[in-house]
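What follows is a single structure, written as structure tokens, with notes after it.
The model shown is predicted, which means the values in this text are computed figures rather than measured ones.
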Amino acid sequence: MPIDDELVVSLEENRARFMSLIERARSSDVLIKKLILYKKAIKLAVRGSVGVYASSDIEDFFILVANKFNIKLPQSYEKNSILHVVSECYSVGGHSKVVARWIKYHAHGEKHSIYFTRMKKSDIDNIFFQRVMEASGKIYTGKSHFLDVTNALYLRYIAMKYERVILHTHMDDIVPLIAFGSEQFKRTVILYNHADHLFWLGASISHLICETRSWGLNFSKKYRGVSENIVLGIPTANILYTHSTIKTQRGNDFKIITSIGMPHKFLAIPGEFSFYNYMMAILESRDDVIFNIVGPTLSDYPEWLSLIDNYGDRVRVHGKLIGDKYRYYLKNSDLIIDSFPMSGGTALSDVVESGKPTLSLCCVTGHLDYTYHTESYCSTPEELIDKTHRLLDDIKYREHVSQSSIETFSKYQSLTLWQSKVNDAYKLADSNRRTSLRNKLRIGESEHILLDKFILLFNAKPRLLYSIGNIVKLSTYFKNGRRRFRISVFKLNITI
């Protein structure tokens, strides 16, 4: 069976399994059974691919659970105080940068705190302690990371001390639904939709959903039935990197193309133009190009080894880089290519802001708004390849693309604009709360789209956890929403 047909069959099986779980939960009268079935459905939707991006059944159930638990709550709050609710944050990644920058660029007189639903204080990166301290706030962690209700009730208690709550939680986190689905809770809730291309929870408890881009706004309306959402964008780095004259050891005759992104953003979709195809097209047609790939490793994409076999160190795969090393590869580049089939968000914005020329190929997951209005946007692979050659060979064109991208970027994502939009979002969400206006999900089944295939492939792709040379390898992947492990000893594979 062709691989594309296999994907469609898997997608249909996943959707049927998801709908079966929902129906079994809906028809059961036993609360604990409903809980187990709905949690299984969430795992399948998030870690599989079901062609469904929200569920009113699931959200309504956890709101019902929320109203079964009433506790004594504080009735007063500090004016202009904001609690950011986060599942987990890290030292790298756009999701974490948004939380840190939102707090860093807060308005005068605001207090910002963070509640982590799934992290211990000892595991939290220092940048979040620093940002919260600067904003006169606190760091909170869940009372029990394994008991959702205990965690949620503690969050409800803490959140009542704040004027507003901002959700940055993971797609499968049910703690906010139980914490804020209760009629006891009387504060404004805003959901920041950082995973607009995936299934997620929380629309029903939110007075406003803030989207990162128009693509997400339209997607939420079409596939989730969301009504109360606006485009907020993402906070910029607000730092201009200085250009470096340093070149690689290969000398000034070589042009450096760099691409940066999390490993899954380069995943090939069968039948679609891939990043491998792009590198091959450029390397075959020119002998003056070096590729620097930051984020993935060769264990993520072993097929890239064939490029190294053919073109030697003109293809360099660096894995994750942070700090000065990360900035070095940005400065040392002649051209930045956006990851595809999943585009970069915060990382690409930082590059544009630095003044480096970039190119972005039309992606299955869409782009930030400014991208569509710049010459760096490419609607076809042919356009991407043609513009790559022109940017590498024509200095004036390179400068034109860089300057026009910065100007367009400033119109859509300047720091001043971000701060103004945040203030407007607070006012609108507060108004919706006063009129008891929340999102009501209206979801119908649709035909599977290319995005469904990408999500399925992303979750099914093994990720290396541990290895001893090429002898023993431990990998993990998801099948039917369940985490699986694969142990490889030489060529023998054992699946757990």
| What pair of heavy atoms forms the shortest contact from Ala100 to Ile127, and how long is it? | CB-CG1, 4.5 Å

| query | Aromatic rings His168 and Trp102: how do their planes relate, parallel, tilted or perpendicular, breaks at 30° and 60°? | reply | perpendicular

| said: Can you classify the ring geometry of Tyr301 versus Trp304 as parallel (below 30°), tilted (30 to 60°) or perpendicular (above 60°)? | reply: parallel

| message | Testing Thr371, Asp338, Thr374 one by one against Ser360 for a side-chain hydrogen bond (donor to acceptor under 3.5 Å, both in side chains), which residue passes? | response | Asp338

| said: So which atom in Leu335 and which in Pro357 form the shortest heavy-atom distance, rounded to 0.1 Å? | reply: CD1-O, 3.6 Å

| message | Using side-chain hydrogen bond (donor to acceptor under 3.5 Å, both in side chains), reason through Asn193 and Trp200 one step at a time and then give a plain yes or no. | response | CA-CA 9 Å; Asn193 189 9; Trp200 48 258; 3.0 Å; yes

| request: Name all residues meeting the salt bridge (Lys or Arg N to Asp or Glu O under 4.0 Å) criterion together with Lys473; count only those two or more places apart in sequence or in a different chain, and write none if there are none. | output: none

| said: Just to verify, which of Phe275, Tyr276, Phe266 counts as forming a ring-ring contact (aromatic ring centres under 6.0 Å, His included) with Phe340? | reply: Phe275

| query | Do Phe219 and Tyr53 have ring centres separated by under 6.0 Å? | reply | yes

| task | Check the angle between the aromatic planes of Phe454 and His264 and answer parallel, tilted or perpendicular using the 30° and 60° thresholds. | result | tilted

| message | Can you tell me how far apart NZ (Lys39) and CD1 (Ile174) are? Round to the nearest 0.5 Å. | response | 4.5 Å

| field | Separation of His84 NE2 from Tyr115 OH (nearest 0.5 Å) | value | 16.0 Å

| said: Atom CZ of residue position Arg482 - does it have more than 12 heavy atoms of other residues, nucleotides or ligands inside 6.0 Å? | reply: no

| task | Check whether any side-chain N or O of Glu59 sits under 3.5 Å from a backbone N or O of Gly202 as a donor-acceptor pair, and report yes or no. | result | yes

| task | Determine whether more than 12 heavy atoms belonging to other residues, nucleotides or ligands lie under 6.0 Å from atom NZ of Lys461. | result | yes

| query | Rounded to the nearest 0.5 Å, how far does CG of Asp173 lie from CD1 of Ile42? | reply | 9.5 Å

| task | Determine the minimum heavy-atom distance between Ser49 and Leu11, stating which atoms define it. | result | OG-CD2, 3.4 Å

| Side chain of Asn151, backbone of Asp148: donor and acceptor closer than 3.5 Å? | no

| query | Taking atom types as modelled and ignoring hydrogens, do the side chains of Tyr105 and Thr236 form a donor-acceptor contact shorter than 3.5 angstrom? | reply | no

| Non-hydrogen atoms of Ser339 and Cys363 that approach each other most closely | O-SG, 3.7 Å

| task | Would you please test Ser410 and Tyr370 for side-chain hydrogen bond (donor to acceptor under 3.5 Å, both in side chains) and show each step? | result | CA-CA 9 Å; Ser410 298; Tyr370 73 88; over 6 Å; no

| request: Search all heavy atoms of Arg224 against all heavy atoms of Ala54 and return the closest pair with its distance. | output: CG-CB, 3.8 Å

| If you measure from the Lys or Arg side-chain nitrogens to the Asp or Glu carboxylate oxygens, is any gap between Arg47 and Asp172 under 4.0 Å? | no

| query | Can you name the nearest heavy-atom pair linking Leu392 to Arg398, along with the distance? | reply | O-NH2, 3.1 Å

| task | Report the residues that fulfil side-chain hydrogen bond (donor to acceptor under 3.5 Å, both in side chains) with Glu88, sequence neighbours left out, ordered by chain and then residue number. | result | none

| Quick one: is the NZ or CZ of Arg483 closer than 6.0 Å to the six-membered ring centre of Tyr477, and within 45° of its axis? | no

| Pair Glu211-Ser220, side-chain donor/acceptor within less than 3.5 Å | yes

| field | For Asp57, salt bridge (Lys or Arg N to Asp or Glu O under 4.0 Å) partners two or more places apart | value | Arg26

| request: Kindly check if the number of other-residue, nucleotide or ligand heavy atoms within 6.0 Å of CE (Met262) is above 12? | output: no

| message | Under 6.0 Å between ring centres: does that hold for Trp215 and Tyr372? | response | no

| query | Who pairs with Ser404 by side-chain hydrogen bond (donor to acceptor under 3.5 Å, both in side chains), at least two apart in sequence or on another chain? | reply | none

| message | Does Asp309 have more than 12 heavy atoms from other residues, nucleotides or ligands lying within 6.0 Å of its CG? | response | yes

| note | Those residues at least two apart in sequence (or on a different chain) that pass side-chain hydrogen bond (donor to acceptor under 3.5 Å, both in side chains) with Glu134 are Gln130, Arg131

| Can we say Arg286 and Asp393 salt-bridge, meaning some charged N sits less than 4.0 Å from an Asp/Glu carboxylate O? | yes

| request: List for me each residue that meets side-chain hydrogen bond (donor to acceptor under 3.5 Å, both in side chains) alongside Lys40, sequence neighbours excluded, and say none if there are none. | output: none

| note | Value for OG1 (Thr258) from CD1 (Ile293), rounded to nearest 0.5 Å, stands at 7.5 Å

| message | Within 45 degrees of the ring normal and closer than 6.0 Å to the centroid, is that where the cationic atom of Arg390 sits relative to Tyr397? | response | yes

| So, does Lys138 use its side chain to make a donor-acceptor pair with the main chain of Val132 at under 3.5 Å? | no

| How many angstroms lie between CG in Asp334 and CD1 in Ile395, if you round to the nearest 0.5 Å? | 9.5 Å

| field | Separation between NZ of Lys255 and CG of Asp288, rounded to the nearest 0.5 Å | value | 5.0 Å

| task | Could you tell me whether the side chain of Ser96 and the main chain of Tyr90 form a donor-acceptor pair under 3.5 Å? | result | yes

| How far apart are the C-alpha atoms of Asp350 and Lys97, what are their side-chain angles, what is the distance that settles it, and do they pass the salt bridge (charged side-chain N to carboxylate O under 4.0 Å, His left out) test? | CA-CA 11 Å; Asp350 291 352; Lys97 287 179 181 178; 3.5 Å; yes

